[in-house]
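This report concerns only the one structure given below.
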Amino acid sequence: MNPKTFALVDCNNFYASCEKLFRPDLSTKPVVVLSNNDGCVIARSKEAKALGIKMGVPLFQIRDLIEKHRIQMFSSNYALYADMSARVMQTLEQMAPAVEVYSIDEAFLDLTGIEASTNLTEFGQAVRQRIQQWVGLTVCVGIAPTKTLAKLANHAAKAWSKTGGVLDLSSQDRQRKLMALLPVNEVWGIGGKLTKRLEAMGIRTALQLADAPPKLIRQQFSLMAERTVQELNGESCLALEDMPATKKEIVSSRAFGERVTDKQQMLQAVAEYVHRACSKLRSEGCQAKQISVFIRTSPFSDHTKDPYYSNNRTAELTYPSDDTRDFLHVANRLLDQIWKDGYRYAKAGVMLSDFYTQGVHQQDLFASPDSIKGNSALMSLVDQINERQPNALFFGSKGTVQDWGMKREQLSPAYTTNWEQLPHAW
DNA sequence: TCTGGGGTCCTAGGACCC
DNA sequence: TCTGGGGTCCTAGGACCC
């Protein structure tokens with residue numbers, strides 16, 4: 001097979017950098033971004049990392065550190081991050097023949113063939129400079145013959161500043177030198193559980209994993225683990241996926257700002273999640289046939305005082321739909337089935353699945369005309385209005401006073417997308 | 001007191017069929 | 001007494017990702 005060339009471009013400290021971009025006064029200060037509900041840390045600036053703040057740590061555990069070092073906190077502001085992400089991706093699309101947007105802050109590029117006419121490191125530097133100049137964010141670039149190695153190269157480009165933020169890992173010699181230095185859990189696809197089991201077999205570094213027999217890894221672990229070994233050896237198993245995959249499920253869920261003990265409030269919350277999930281469904285141009293609802297108390301509290309309960313239930317519609325009202329009705333019934341009085345609920349959510357492309361589903365002979373044409377005109381009007389002014393229109397069941405809603409006490413203004421913070425704009 | 005949200009893929013095991 | 005074997009589909013759960 002012909003050798004491939006991939007690059008992984010990843011923004012440095014993405015959420016924290018987005019916040020800093022609009023607060024030049026904080027450019028050298030420690031900044032953290034908090035999860036929904038201001039619950040835990042999900043992004044840290046370089047300075048915050050240096051202070052020892054770990055990814056995912058609950059906010060209440062680091063209050064002292066925050067105070068002592070005057071760390072600036074922000075509630076997560078996804079409208080801002082999504083907008084900045086789109087600017088980065090647009091820039092990449094102008095520079096590379098094929099781009100796979102892998103997550104909000106990283107993308108794979110297929111650079112196969114360009115090395116004939118272009119120095120790969122220089123290309124990486126050009127990407128870095130242009131994004132810095134056009135968007136104001138710093139990225140690192142890792143280049144290698146497989147996606148898994150490109151991930152490792154990117155990791156190294158971030159970790160070692162002498163790389164200048166770009167590492168070309170085309171040569172096998174350099175691949176092996178780097179892998180010898182990296183613990184196996186740094187490898188893409190090797191998480192906590194696998195790391196433990198690999199270590200028990202004496203495999204501690206990425207290089208030791210690369211040198212393990214693929215068949216043994218397949219037999220002891222899984223197909224995915226075997227592919228990882230092959231990718232570490234320069235054999236490309238994972239292709240660039242430049243067409244966005246069609247979703248297979250849509251989840252809407254939130255931890256509550258305050259515990260919910262009242263069924264009426266829970267009904268409102270679930271209605272809100274149904275509403276959000278169905279909006280997403282329509283924006284994907286899909287219909288769904290299955291819905292499930294889940295509720296749970298906190299898994300972290302002392303269960304002798306605050307007993308644990310978690311449950312979920314799934315139901316199927318007769319026909320696929322994208323109409324919020326169809327799902328609301330079923331969701332209420334599902335909640336009835338799993339609700340138990342006397343618990344302090346911490347979180348709930350809704351999942352839609354079993355998707356059909358609009359118009360493709362085979363209707364049965366006895367379907368009423370109503371169920372076929374649905375009420376798409378009404379639903380798309382609701383979406384259009386809500387796009388201009390979020391939450392302008394909603395269904396009565398979700399209530400108007402939301403005690404359970406999110407805490408977002410440190411929210412930054414919507415610098416680039418002004419709707420949410422301008423209540424009278426519309 | 002206080003611990004995110006949204007996804008994907010793989011696998012084992014059961015149901016079902018011939 | 002002794003109760004097949006293999007294929008497919010579906011689902012729940014595990015593991016991983018950012």
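First the proteins, then the strands, lettered A, B, ... as listed; each starts at 1.
A distance below 6.0 Å separates the ring centres of Y345(A) and W339(A). For an aromatic pair to be called close, the ring centres must be under 6.0 Å apart, and Y78(A) with Y15(A) satisfies this.
A sub-4.0 Å separation between OP1 or OP2 of dC18(C) and a side-chain N or O of K151(A) is present. Distances shown here put a side-chain N or O of K248(A) below 4.0 Å from the OP1 or OP2 atom of dC9(B). When the side-chain nitrogen and oxygen atoms of S253(A) are compared with OP1 and OP2 of dG6(B), one or more of them lie within a distance under 4.0 Å. OP1 or OP2 of dG5(B) has at least one side-chain nitrogen or oxygen of K347(A) nearer than 4.0 Å. In terms of phosphate contacts, R254(A) brings a side-chain nitrogen or oxygen within less than 4.0 Å of OP1 or OP2 of dG6(B).
The CD atom of E226(A) sits 15 Å away from the C1' atom of dC9(B) (whole-angstrom rounding). At whole-Å resolution of the value, CZ in F14(A) and C1' in dC18(C) are 12 Å apart. Taking atom CD on E272(A) and atom C1' on dG5(B), their separation rounds to 15 Å, with Å as the unit. Rounded to a whole Å, the CG atom of N312(A) is 14 Å from the P atom of dT11(C). With rounding to whole Å, Y81(A) atom OH is found 15 Å from dC18(C) atom C1'. Straight-line distance from the CD1 atom of I104(A) to the P atom of dG4(B): 19 Å, rounded to whole Å. For the pair Q219(A) CD and dC10(B) C1', the computed distance is 17 Å after rounding to whole Å. Rounded to whole angstrom, the span from the CE atom of M55(A) across to the P atom of dG5(B) amounts to 14 Å.
Of the N and O atoms on the side chains of S353(A) and Q290(A), at least one donor lies less than 3.5 Å from an acceptor on the other residue. Defined by atom type and a distance below 3.5 Å, a donor-acceptor pair is present between the side-chain atoms of Q132(A) and T138(A). Counted by atom type alone, N13(A) and K49(A) present one or more donor-acceptor pairs between their side chains at under 3.5 Å. Residues D83(A) and Y81(A) have side chains that never bring a donor and an acceptor to within less than 3.5 angstrom of each other.
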N/O donor-acceptor pairs under 3.5 Å from side chains in residues 53-69 of chain A, not counting sequence neighbours:
none

Return all side-chain donor-acceptor pairs below 3.5 angstrom for residues 193-218 of chain A, not counting sequence neighbours, or 'none' if the list is empty.
{"residue": "T195(A)", "atom": "OG1", "partner": "G191(A)", "partner atom": "O", "Å": "2.6"}
{"residue": "R197(A)", "atom": "NH2", "partner": "Q220(A)", "partner atom": "O", "Å": "2.9"}
{"residue": "T205(A)", "atom": "OG1", "partner": "L207(A)", "partner atom": "N", "Å": "3.4"}
{"residue": "T205(A)", "atom": "OG1", "partner": "Q208(A)", "partner atom": "N", "Å": "3.0"}
{"residue": "Q208(A)", "atom": "OE1", "partner": "R204(A)", "partner atom": "N", "Å": "2.6"}
{"residue": "Q208(A)", "atom": "OE1", "partner": "T205(A)", "partner atom": "N", "Å": "3.0"}
{"residue": "D211(A)", "atom": "OD1", "partner": "R176(A)", "partner atom": "NH1", "Å": "3.2"}
{"residue": "D211(A)", "atom": "OD1", "partner": "R176(A)", "partner atom": "NH2", "Å": "3.4"}
{"residue": "D211(A)", "atom": "OD2", "partner": "R176(A)", "partner atom": "NH2", "Å": "2.9"}
{"residue": "K215(A)", "atom": "NZ", "partner": "E226(A)", "partner atom": "OE2", "Å": "2.9"}
{"residue": "R218(A)", "atom": "NH1", "partner": "E226(A)", "partner atom": "OE1", "Å": "3.2"}

Working for side-chain hydrogen bond (donor to acceptor under 3.5 Å, both in side chains), residues Q287(A) and S321(A): CA-CA 5 Å; Q287(A) 299 192 315; S321(A) 170; 5.7 Å; no

Intermediate values then yes/no, ring-ring contact (aromatic ring centres under 6.0 Å, His included), W188(A) and Y102(A): CA-CA 13 Å; W188(A) 190 37; Y102(A) 177 67; 5.6 Å; yes

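Positionally, the nearest nucleotide of DNA chain B for S252(A) lies more toward the 5' end than for the other of R218(A) and S252(A).
Backbone-only engagement by E106(A) is indicated by non-hydrogen atom pairs under 4.0 Å involving sugar-phosphate atoms exclusively. As judged by a 4.0 angstrom heavy-atom cut-off over every strand, R227(A) is placed among residues touching the sugar-phosphate backbone only. Among the protein residues, L59(A) comes within range of no part of the nucleic acid, since none of its heavy atoms lies under 4.0 Å from any strand. In this structure, D105(A) reaches the sugar-phosphate backbone alone: every heavy-atom distance under 4.0 Å involves primed, P, OP1 or OP2 atoms, never a base. As judged by a 4.0 angstrom heavy-atom cut-off over every strand, I250(A) is placed among residues touching the sugar-phosphate backbone only. No contact: S76(A) has no heavy atom under 4.0 Å from any strand.
You'll find that the side chain of R259(A) is closest to dC2(B), out of dC10(B), dC2(B), dG6(B). For N36(A), the listed nucleotide lying nearest its side chain is dG5(B); candidates were dT11(B), dC9(B), dG5(B). When distances run from any side-chain atom of C40(A) to the nucleotides dC2(B), dC17(C), dG4(B), the shortest one goes to dG4(B). Comparing atom distances between the V251(A) side chain and each of dC10(B), dG5(B), dG7(B) picks out dG7(B) as nearest. If you check dC10(B), dC17(C), dC2(B) against the side chain of Y102(A), the one that comes closest is dC17(C). Considering only the side chain of K280(A), dG7(B) comes nearest among dT3(B), dT8(B), dG7(B).
Pairs of residues two or more places apart, or lying in two chains, that qualify as side chain to side chain donor-acceptor pair (under 3.5 Å) and include a residue from residues 92-101 of chain A are E100(A)-K147(A).
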All N/O pairs under 3.5 Å across the protein-nucleotides 13-16 of chain B interface:
none

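Partner T324(A) forms a side-chain hydrogen bond (donor to acceptor under 3.5 Å, both in side chains) with one of R276(A), H329(A), R282(A) and no other, that one being R282(A).
Only the C1' atoms considered, dG4(C) is 15 Å distant from dC16(B), to the nearest whole Å.
In DNA chain B, the stems built from three or more successive Watson-Crick or G-U pairs (distances below 3.5 Å) are B:5-18 with C:5-18.
Under 4.0 Å is where a charged nitrogen must lie from a carboxylate oxygen, and between R344(A) and E258(A) no such pair does.
DNA chain B is contacted by no residue of residues 179-207 of chain A, taking any non-hydrogen atom closer than 4.0 Å.
For K46(A), the NZ atom sits in a loose shell: 12 or fewer heavy atoms of surrounding residues, nucleotides or ligands are nearer than 6.0 Å.
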